[in-house]
Asks: 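I have a structure here, written as structure tokens, and I will follow up with some questions on it.
Quick note: numbers below take in every heavy atom, side chains included, and nothing from hydrogens, waters or symmetry partners. In what follows, every chain begins at residue 1, and chains take the letters A, B, ... in the order their sequences are listed.
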Number of protein chains: 2
Amino acid sequence: MVDPAAPARRGRPGHDQQAVLREAVALFIRQGYDATSMGDLARALGLSKSAIYHHVASKEQLLGLALDAALAELTEAVEAATAPAYDAGSGGSGPSAYERLRVLVARSVEVLVAHQPEVTLLLRVRGNSPVELAALERRRWIDARLADLVRAAVEEGALRDDVDPQLVSRLLFGMVNSLVEWHRPGGEVDAAVLAHAVTTLAFEGLRAPTPG
Amino acid sequence: MVDPAAPARRGRPGHDQQAVLREAVALFIRQGYDATSMGDLARALGLSKSAIYHHVASKEQLLGLALDAALAELTEAVEAATAPAYDAGSGGSGPSAYERLRVLVARSVEVLVAHQPEVTLLLRVRGNSPVELAALERRRWIDARLADLVRAAVEEGALRDDVDPQLVSRLLFGMVNSLVEWHRPGGEVDAAVLAHAVTTLAFEGLRAPTPG
């Protein structure tokens with residue numbers, strides 16, 4: 001995104017767009033997107049405002065890049081789990097809807113841990129701008145695919161049918177998303193342990209397995 | 001809280017402290033606590049600012065009242081589930097830790113649904129003022145009691161012991177708290193249905209019971 005023809009006055013060397021984005025996301029989380037100015041960002045990076053504009057066009061572009069980073073990987077995981085090849089009647093013998101749902105839940109935890117700041121922003125989006133509205137639209141698409149997959153797993157007979165699939169989908173991914181509230185990036189619990197805990201709780205439940 | 005000696009110039013009749021508080025909570029949720037002024041609140045209520053001050057001393061008092069409403073019921077539910085009489089060795093024959101945990105999870109869902117706006121605020125508190133710090137302190141007390149109760153249920157042999165109790169406690173109440181993100185007060189899903197769905201998912205898990 002940096003115009004190679006732009007004058008090379010970058011204030012301090014070594015700041016590329018990724019570094020600017022990282023700091024912007026941290027500020028947006030700490031003090032809120034609306035309350036953060038490009039001036040705040042420049043100060044946090046020790047750069048001039050014009051140096052920031054060598055890397056990004058606007059605050060909204062920074063938000064868009066952050067939300068895209070979270071959404072791209074989530075979308076990819078959902079697409080992998082719900083490819084048309086898996087549809088009933090396609091004659092395939094791939095993994096069941098239940099198996100794909102279980103993998104998707106685990107994968108969601110991993111994406112969240114790998115992109116925790118960006119996912120935190122995504123979960124706070126309320127639709128106050130075109131960038132936010134586009135992100136909400138993509139979240140709704142993901143939510144609808146998740147609910148379909150839960151429904152398919154119920155229809156297969158693999159999941160209990162006494163709880164509404166839409167409600168199950170919300171609770172399941174509500175639990176996944178709640179990780180952003182307490183998990184510390186690089187903290188004591190790693191992604192694989194978390195993914196195992198979430199899938200075990202969700203699918204097997206907390207009750208001790210009855211012996212035998 | 002209304003001083004009976006205060007002059008009776010209330011702008012519009014019928015506004016008591018509860019009505020002011022309700023509107024304040026709605027504004028705090030919609031536009032953020034920091035970004036909301038007493039002037040905004042007066043405008044939303046169609047009252048003068050001085051009329052508002054007949055009902056409450058400050059914006060911070062309104063936040064404190066809202067957080068207290070959420071915390072009082074949650075604290076009561078936690079105290080009921082973790083009374084010292086239940087401690088091992090007290091010789092009682094009351095409900096097991098597992099039974100008390102299960103009731104507490106269901107009760108937490110009901111409290112959240114009954115006080116959804118106040119719980120939403122509580123979950124957003126970041127500790128920017130003495131009122132917020134006091135609320136965080138009370139949340140930490142609740143979280144510690146919950147983790148203790150999960151641990152007691154594991155020790156009883158009622159809950160699986162292959163997932164860390166602290167992690168279980170966070171995931172369990174992360175799922176409960178995530179309700180504020182999508183549940184609409186007075187919406188299509190009632191508290192009893194939600195409480196049943198949450199406890200079933202958490203304790204029995206989503207996998208269909210094996211027949212027989």
Asks: Heavy-atom pairs under 4.5 Å with chain A: which of Val163(B), Leu159(B), Val193(B) has the most?
Replies: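 The answer is Leu159(B).
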Asks: Can you tell me how far CG of Leu194(A) sits from CZ of Arg170(B), rounded to the nearest 0.5 angstrom?
Replies: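 If I round to the nearest 0.5 Å, the distance is 10.0 Å.
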Asks: What's the separation between atom CG in Leu206(B) and atom OG1 in Thr199(A), rounded to the nearest 0.5 Å?
Replies: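 With rounding to 0.5 Å, CG (Leu206(B)) is 11.0 Å from OG1 (Thr199(A)).
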Asks: Identify which part of Val198(B) has an atom lying under 4.5 Å from any heavy atom of chain A, answering side chain, backbone, both or neither.
Replies: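 Both parts, backbone and side chain.
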Asks: Of all the heavy-atom pairs spanning Gly157(A) and Ala208(B), show the shortest one and how long it is.
Replies: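 Scanning both residues, the minimum pair turns out to be O-CB, 3.3 Å.
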Asks: So which part of Arg124(B) gets closer than 4.5 Å to some heavy atom of chain A, the side chain, the backbone, both or neither?
Replies: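 The answer is the side chain of Arg124(B).
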Asks: Which heavy atom in Leu201(B) sits nearest to a heavy atom in Val168(A), and how many Å separate them?
Replies: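 Of all heavy-atom pairs spanning Leu201(B) and Val168(A), the closest is CD1-O, 4.4 Å.
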Asks: Counting only heavy atoms not in Glu76(A), do more than 12 sit closer than 6.0 Å to its CD atom?
Replies: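 Counting neighbours around CD of Glu76(A), 12 or fewer heavy atoms of other residues, nucleotides or ligands fall under 6.0 Å, so no.
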Asks: Contact part of Leu167(B) toward chain A, heavy-atom cut-off under 4.5 Å: side chain, backbone, both or neither?
Replies: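 Contact with chain A involves the side chain of Leu167(B) alone.
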Asks: Could you have a look at Arg160(B), Met175(B), Arg102(B) and say which one has the most heavy-atom pairs with chain A under 4.5 angstrom?
Replies: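 Sorted descending by pairs with chain A, the first entry is Arg160(B).
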Asks: So does Glu204(B) pair up with Arg207(A), basic N to acidic O under 4.0 Å?
Replies: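 Looking at Glu204(B) and Arg207(A), the cut-off is met.
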Asks: For Ala197(B), which atoms come within 4.5 Å of any heavy atom of chain A: side chain, backbone, both, or neither?
Replies: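 Backbone plus side chain of Ala197(B), per the 4.5 Å heavy-atom cut-off to chain A.
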Asks: Ion pair present between Arg139(B) and Glu181(A), side-chain N to carboxylate O less than 4.0 angstrom?
Replies: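 Answer for the salt bridge query: no.
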Asks: Pick one of side chain, backbone, both or neither for Val176(A), based on which atoms fall under 4.5 Å of a heavy atom in chain B.
Replies: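 Neither part; nothing is under 4.5 Å.
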Asks: Identify which part of Phe173(B) has an atom lying under 4.5 Å from any heavy atom of chain A, answering side chain, backbone, both or neither.
Replies: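 Phe173(B) has no heavy atom closer than 4.5 Å to chain A.
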